[in-house]
Number of protein chains: 2
Amino acid sequence: MKILVVEDEPKLASFVKKGLEEQSHEVDVAFDGQIGRTMALSNNYDVIVLDVNVPKMNGFDIALSLRSEHIKTPILMLTAMGSLDNKVAGFEAGADDYLVKPFEFRELLARLRALSKRSIDTSSPSSLLKVADLELDLNEKIARRDGKRIELTAKEFALLEYLMRNRGRVVSRVDIAEKVWDIHFDTGTNVIDVYVNFLRKKIDKDFPVKLIHTVIGMGYMLKEE
Amino acid sequence: MKILVVEDEPKLASFVKKGLEEQSHEVDVAFDGQIGRTMALSNNYDVIVLDVNVPKMNGFDIALSLRSEHIKTPILMLTAMGSLDNKVAGFEAGADDYLVKPFEFRELLARLRALSKRSIDTSSPSSLLKVADLELDLNEKIARRDGKRIELTAKEFALLEYLMRNRGRVVSRVDIAEKVWDIHFDTGTNVIDVYVNFLRKKIDKDFPVKLIHTVIGMGYMLKEE
DNA sequence: TTACGGTTATGAAAATCCTGGTAGTGGAAG
DNA sequence: CTTCCACTACCAGGATTTTCATAACCGTAA
C-alpha cells in the first residue's frame, strides 16, 4: 500500500520508510507539515503516519485540514510518551489511531495493517457523492438532481451527506442524532423528522422517483426505488 | 453506541462500564470468554472491548472466532504492559486497535469513538444473516426468502434477527422476552406467541419448508428442517 | 380411544406509537 | 431591522403493538 509519513526527525523517518519498503509498501516522506498536507491532498494514500510535532504545521492542524477537505484516508498519529491531551486532541482532529514514541516497528506495521483493512469507500471522488440522479457536491456544498441545482442549509447538507454515505442502509434516528447532531441521548426532539421533511421538499417532491424512504419504527434510508 | 466489554477483573469492568454509561453509551459486560463470544455473536454491537486474558476463551481466540463468522464489529483489545507479541498476535487475529493497561479512560473513549467512526463496510456478509433460503438484510431491514422480498415491522424484524442469530438453538420465551421485548419478569402476556405467528405468516406459510419450530414447553427454534 | 389439563395458535379489537406536515419562535447574521 | 436557519410544539392519520378471548393442539392418564 501507499503510505505517507510526515515526520521531521530524519533518522526516524528513514527507519520507518526503510522498514515499510522492506514490506513492499510504497512510502513518501514529508519533513514538514505544509509539504505533508499538500502531498496528502494531492495524492491518494492508503494511510498516513503523522507526527504531532512537525515544523510549519502541526499534526492536529493537518488532520483537521484533511478532514475538512473530506479526505478520509486513515491517519495514525505519533506522539511522545505521556501526552494524553495530545492523543485526545488528535482523535478529535480526526486521527484514527495513535502510537506513542518510542515504538517497535512491528507494532507500527500491525496498526497500519489494521487501519487499512477498514476500508473507506473510495469509489466516488471525494468531492462528489451520487445516488441515482442525485449528486451532492462537497466542494460547492450544494445538491443537484437531474442536473438541477439545489441549495441546502448547513444542517440539510450534513443530513443528506450522512444519508448518501450510508446509501442502501437504514439509518436510525439514534444514528443520525449522534452523527449529524452530536446528540448522544434521547432528548425527545423531532428535529430529525423535521429535517427529513425539509430534504424531501427539496430533493424528492418535484421528481418522479422518491429517494428518501421511511422504514417505520427503524429510521430512514436513501436509495433508488 | 452499544458496546460489549469482555473483561474478568470486576473493578476494571465496572469502572469502564460506568464511565461509558456516563457518556450515554449502552454497555454489556461479559466476565469470561465463552459468554463474551456468545454475546458478540447474538447481539449487534458497535464496538467490542476485549481483554486478552479472560477465562475460558482468550481474546485472540474470540477475535478469530468472530472474524471467521464474518463479524466485522471493530475490536479494541486490552493487554498488559510490554506484550508486543500479544499486540501483533491480536492484530493478526482481527483486532483493530490495542490499548495497554493501565490506561486513562479518556484515551479509551477517544479510541472507541475513532473506531466507531470508521463506517461499517455495508457490502460485508455480516450485514446479511442466512438460514437455508431465508435471508435477513441488516442494511435494508427486510427479509428475503427464495429471493422474494418480505417487509417486516420493527418488532417482527427484531424477533427474526434474534432467532436467526441463535439458529439451531431453542430459545425460550423468557430469553425472547428479555432480549427482544426488554421484559424481565413474567407479565403473563402471550405477545411472543402472537409475533411468532406473525412471522410464520410472512416467512413460512407460502413456502414448503418450515423454518420456525416450536419446542413444546421450551420455546422456539429456527432451523432448516 | 377418549378425556383432560396445559400450552400454543389465531383473529379481532383496543391501545399506543410513529410519522408527515405545518406553524411559530428565538437567535444569529447581514 | 430584516431575513433566514434551526428547532420546538402540535395535530391528524396511519401503522404497529398489545390485549383478550377462543380455538386448536399436544401429551399423558385412565
Side-chain angles (χ1 to χ4, degrees), chain A residues 141-143 149-163 170-207 210-222 225, chain B residues 140-143 149-163 170-207 210-222:
Chain A
K141 308 287 192 198
I142 61 162
R149 179 190 179 93
I150 300 171
E151 304 279 343
L152 300 169
T153 69
K155 268 304 199 244
E156 289 168 346
F157 181 91
L159 175 56
L160 183 55
E161 181 185 4
Y162 186 67
L163 292 173
V170 176
V171 292
S172 65
R173 285 177 182 77
V174 169
D175 281 345
I176 296 172
E178 288 179 359
K179 301 298 186 3
V180 180
W181 269 268
D182 203 26
I183 292 172
H184 298 278
F185 55 95
D186 183 5
T187 60
T189 182
N190 68 342
V191 68
I192 293 164
D193 302 296
V194 171
Y195 268 80
V196 169
N197 200 39
F198 291 166
L199 280 186
R200 278 178 162 141
K201 280 184 171 177
K202 291 188 172 182
I203 70 173
D204 269 352
K205 184 162 137 301
D206 295 329
F207 301 87
K210 306 313 176 195
L211 300 178
I212 301 178
H213 300 269
T214 303
V215 182
I216 295 176
M218 302 203 205
Y220 296 101
M221 177 170 64
L222 195 79
E225 178 51 291
Chain B
E140 291 200 42
K141 307 288 192 198
I142 61 165
R149 179 192 178 92
I150 299 171
E151 307 271 345
L152 301 169
T153 69
K155 267 301 198 248
E156 289 167 346
F157 184 91
L159 175 57
L160 182 56
E161 182 184 4
Y162 186 67
L163 292 172
V170 178
V171 293
S172 65
R173 286 179 181 76
V174 169
D175 279 347
I176 297 173
E178 287 176 1
K179 301 299 182 9
V180 181
W181 269 267
D182 202 26
I183 293 172
H184 298 278
F185 55 94
D186 183 3
T187 59
T189 180
N190 69 337
V191 68
I192 292 165
D193 303 300
V194 172
Y195 265 81
V196 170
N197 196 41
F198 289 165
L199 281 186
R200 278 177 163 141
K201 280 183 170 176
K202 289 189 174 182
I203 70 172
D204 270 352
K205 183 164 136 299
D206 295 330
F207 300 88
K210 306 313 178 197
L211 300 176
I212 301 177
H213 300 272
T214 304
V215 183
I216 296 179
M218 297 200 193
Y220 296 100
M221 178 169 63
L222 193 79

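In what follows, every heavy atom counts, from backbone to side chain, and hydrogens, waters and symmetry copies are set aside. Below, chain A is the first sequence line, B the second, and so on; all start at residue 1. From a predicted model like this one, the values you see are computed outputs, not experimental measurements.
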Only one of B/T214, B/D193, B/D175 forms a side chain to side chain donor-acceptor pair (under 3.5 Å) with B/Y220, so which one is it?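 Per the side chain to side chain donor-acceptor pair (under 3.5 Å) rule, the option paired with B/Y220 is B/D193, out of B/T214, B/D193, B/D175.
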
I want to check something: taking the side chain as every heavy atom from C-beta on, are A/M221 and A/V171 in contact at a cut-off of under 4.5 Å?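 Result no, sub-4.5 Å side-chain heavy-atom pair not found.
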
Using a 4.5 Å cut-off on heavy atoms from C-beta on, say whether the side chain of A/I142 contacts that of A/I150.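 Side chain of A/I150 against side chain of A/I142, heavy atoms only: no contact under 4.5 Å found.
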
Within the 4.0 Å heavy-atom criterion, would you say [X] contacts the bases, only the backbone, or no part of the nucleic acid?
X      : answer
B/F198 : base
B/V194 : base
B/K201 : sugar-phosphate

Whole Å only: how far is the CG atom of A/L152 from the C1' atom of D/dA6?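 Result: 15 Å.
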
Could you check how far CG of A/L159 sits from P of D/dC5, rounded to whole Å?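 Whole-Å distance recorded here is 15 Å.
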
Heavy atoms from C-beta onward define the side chain here; which of [options] lies closest to that of [X]?
X      : options               : result
B/I216 : C/dT8, D/dT16, D/dC26 : D/dC26
B/R200 : C/dA9, D/dA6, C/dG20  : C/dA9
B/N190 : D/dC5, D/dT19, D/dT8  : D/dT19
B/V191 : D/dT18, C/dT19, C/dT8 : D/dT18
B/Y220 : D/dT17, C/dG20, C/dT8 : C/dT8

Hey, which of these two, A/R173 or A/N197, hits DNA chain C nearer its 5' end, going by closest nucleotide?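 In this pair, the answer is A/R173.
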
Does the side chain of [X] get closer than 4.0 angstrom to OP1 or OP2 of [N] through an N or O atom?
X      : N      : result
B/W181 : D/dT18 : yes
A/T214 : C/dT19 : no
B/T153 : D/dT17 : yes

Checking A/K141 side chain against A/L152 main chain: does a donor-acceptor pair fall under 3.5 Å?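 It does not hold such a pair.
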
Check: A/A158 main-chain N/O paired with A/E161 side-chain donor or acceptor under 3.5 Å: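 No; judged by distance alone, with no hydrogens or angles, the pair does not exist.
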
